[in-house]
Amino acid sequence: GAGVSQTPSNKVTEKGKYVELRCDPISGHTALYWYRQSLGQGPEFLIYFQGTGAADDSGLPNDRFFAVRPEGSVSTLKIQRTERGDSAVYLCASNSGQGGTGELFFGEGSRLTVL
Amino acid sequence: SQELEQSPQSLIVQEGKNLTINCTSSKTLYGLYWYKQKYGEGLIFLMMLQKGGEEKSHEKITAKLDEKKQQSSLHITASQPSHAGIYLCGADYTGGFKTIFGAGTRLFVKA
C-alpha cells in the first residue's frame, strides 16, 4: 500500500485479555516505530526496529508489552493481561532509517479500549 | 514529555488572524520536527529544523529554531479553518532514531 497501515482501527477488550495490534509499514522502509498516545497527550515512544531487531525498546512500560518484526516488514505489538490504563491510541510509523530520525510516516493508529 | 514543553496548550483564533505556537526543550536539540494531527488520524510531517537560527516555510506556516537550539516557534499567517488541528513538536536529541514529542497545541479556527 501507499502508506502505513494499522489494524484493527478499533479494539475493545476486557481487562486481563491478550491483544495484538498489527502494523504494515511503507514498502522498503527499514525502520519501524511504535508510539502510544493517550487522550490529550503527545505520542509516547515505545519501541523502534531497524530491520528485524528491536534497536531501542526503552519505552515499553513493562514486561506485558512485547513487539516483533520477524521478517523486517510487518510488526505486531502484543499486550498481555491488559489493564484499563493501557487504553490509548497505538501509533505506528516507518521511515528509511538513514542517518538520524528523519521524517516519520505515521499510520492512523489502533484505538485500544480496555473495559 | 517533560523535556519538551509546548505553549499554549490550546488556542482559538478568528479566521484570518496570525498565531504563534512555541516549543521549548530543557536541553540542546539535535533536530526539531513539527507535525500536525487531525482528530482520529495519524501525524503529518510539516518540517524539520536542525541548524541554529534556521527558518523554514511551507505555504502559510513558518517555523524557526533559535540559535541555542533549545526553542522553536511555529507561526501561521492568515489562519484558515484548514489549519485547525493539533500541532506537535518532536525532538531528536542524539541524531539517533527516536523522536520525543511534546503534548501538543490544539488549534481551533473560527470561521
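Atoms considered below: every heavy atom in the structure, side chains included; atoms not considered: hydrogens, waters and symmetry mates. So that the names make sense, note that chain A is the first sequence line, chain B the second, and so on, each numbered from 1.
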State whether the number of non-hydrogen atoms from other residues, nucleotides or ligands found under 6.0 Å of Glu14(A) atom CD is greater than 12. no
Whatever's closer than 4.5 Å to a heavy atom in chain B on Gln37(A) counts as side chain
Between Gln50(A) and chain B, with a heavy-atom cut-off of 4.5 Å, which part of the residue counts as in contact: side chain, backbone, both or neither? side chain
Pairs in or reaching into residues 21-106 of chain B: which pass disulfide bond (SG atoms under 2.5 Å apart), with residues at least two apart or in two chains? Cys23(B)-Cys89(B)
Do any of residues 42-55 of chain B come closer than 4.5 Å to chain A, heavy atom to heavy atom, and if so which ones, in number order? Gly42(B), Leu43(B), Phe45(B)
Ser9(A) portion near chain B, given a 4.5 angstrom heavy-atom threshold: neither
May I ask you to say whether Glu20(A) pairs ionically with Lys11(A), meaning some side-chain N is under 4.0 Å from a carboxylate O? no
Thr99(B) side chain to Tyr35(B) side chain, donor-acceptor N/O pair below 3.5 angstrom: no
Tell me whether the count of non-hydrogen atoms from other residues, nucleotides or ligands lying under 6.0 Å of CG in Leu39(A) goes above 12. no
Which portion of Tyr87(B) sits near chain A, non-hydrogen atoms under 4.5 angstrom: neither
Measuring only between side-chain heavy atoms, which start at C-beta, is Ile47(A) closer than 4.5 Å to Tyr33(A)? no
Please determine, by modelled atom types, if Ser25(B) and Lys69(B) share a side-chain donor-acceptor pair under 3.5 angstrom. no
For residues Thr62(B) and Lys64(B), determine if any side-chain heavy atom of one lies less than 4.5 Å from a side-chain heavy atom of the other. no
